[in-house]
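One structure is given below, encoded as structure tokens.
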Amino acid sequence: MTDPATLRALLLPYSEKAEILVARVQYQEPQVRALLRLTQADGAFNISSAAKMLQVQPRQLFAWLSEHGWIYRRAGSRNWLAYQTRLQQGLLVHKARVQRGRRRPVART
């Protein structure tokens with residue numbers, strides 16, 4: 001193993017693999033940081049806030065969650081709902097809020 005050419009030929013595939021892995025880690029680092037921010041966050045937050053933490057547009061996150069079976073819309077509704085399985089797993093929560101609307105005047109005859 002004193003021949004430099006033989007040693008280089010033996011080590012070249014491993015150094016190429018190491019370079020590929022380093023590039024992959026550098027590419028994935030922003031996603032890993034975003035995931036850590038989400039997993040280490042305390043309490044519940046809405047999907048738009050989660051999108052900001054992930055540094056994606058809320059529309060993209062809503063679409064991803066819908067495509068992957070996390071949320072859905074009922075026909076004719078604007079509101080997103082979590083699938084029951086995700087609620088039971090404790091991965092998503094629904095927060096109830098009371099909206100006070102304007103009172104409509106009653107027509108008197």
Side-chain angles (χ1 to χ4, degrees):
M1 290 283 259
T2 57
D3 180 27
T6 304
L7 191 57
R8 187 176 315 122
L10 290 171
L11 294 177
L12 187 61
Y14 295 104
S15 65
E16 288 174 349
K17 287 179 184 177
E19 288 177 11
I20 290 169
L21 290 174
V22 166
R24 186 178 294 166
V25 166
Q26 289 174 345
Y27 173 78
Q28 291 176 341
E29 186 178 9
Q31 292 96 336
V32 170
R33 287 184 188 273
L35 183 59
L36 285 174
R37 282 193 301 271
L38 278 176
T39 58
Q40 294 172 350
D42 189 29
F45 39 88
N46 64 32
I47 295 175
S48 295
S49 295
K52 287 180 184 179
M53 290 179 190
L54 292 169
Q55 298 175 350
V56 298
Q57 293 180 358
R59 181 175 48 235
Q60 290 174 309
L61 183 55
F62 278 101
W64 189 93
L65 291 170
S66 176
E67 290 169 13
H68 291 85
W70 286 72
I71 60 174
Y72 69 99
R73 281 186 173 156
R74 286 192 181 130
S77 175
R78 300 178 15 165
N79 300 324
W80 290 99
L81 299 168
Y83 278 103
Q84 188 63 36
T85 55
R86 303 301 184 178
L87 293 170
Q88 290 171 334
Q89 293 169 336
L91 299 172
L92 294 176
V93 296
H94 278 273
K95 289 202 170 190
R97 67 179 171 163
V98 176
Q99 286 186 316
R100 301 196 190 277
R102 295 182 185 166
R103 293 186 182 185
R104 295 183 183 175
V106 178
R108 296 183 184 198
T109 55

Ignoring hydrogens and angles, write down the donor-acceptor pairs under 3.5 Å from the side chains of residues 10-30, residues two or more places apart or on other chains.
from, atom 1, to, atom 2, distance (Å)
Ser15, OG, Leu12, O, 2.9
Glu29, OE2, Arg33, NE, 3.3
Glu29, OE2, Arg33, NH2, 2.7

Show me the donor-acceptor pairs within less than 3.5 Å that the side chains of residues 58-65 make with the rest of the protein, sequence neighbours left out.
from, atom 1, to, atom 2, distance (Å)
Arg59, NH2, Gln57, OE1, 2.9
Gln60, OE1, Gln57, N, 3.0
Trp64, NE1, His68, ND1, 3.4

Under a single-linkage rule joining Ile, Leu, Val, Met, Phe, Trp and Tyr whose side-chain heavy atoms are separated by less than 4.5 Å, which residues share a cluster with Leu36?
-> Val32

Leu81 and Trp70: same hydrophobic cluster, using ILVMFWY side-chain contacts below 4.5 Å?
-> no

Shared hydrophobic cluster for Leu87 and Tyr72 (ILVMFWY, side-chain gaps under 4.5 Å) | no

Output every pair passing side-chain hydrogen bond (donor to acceptor under 3.5 Å, both in side chains) with a member in residues 73-86, not counting sequence neighbours, ordered by first then second residue.
-> none

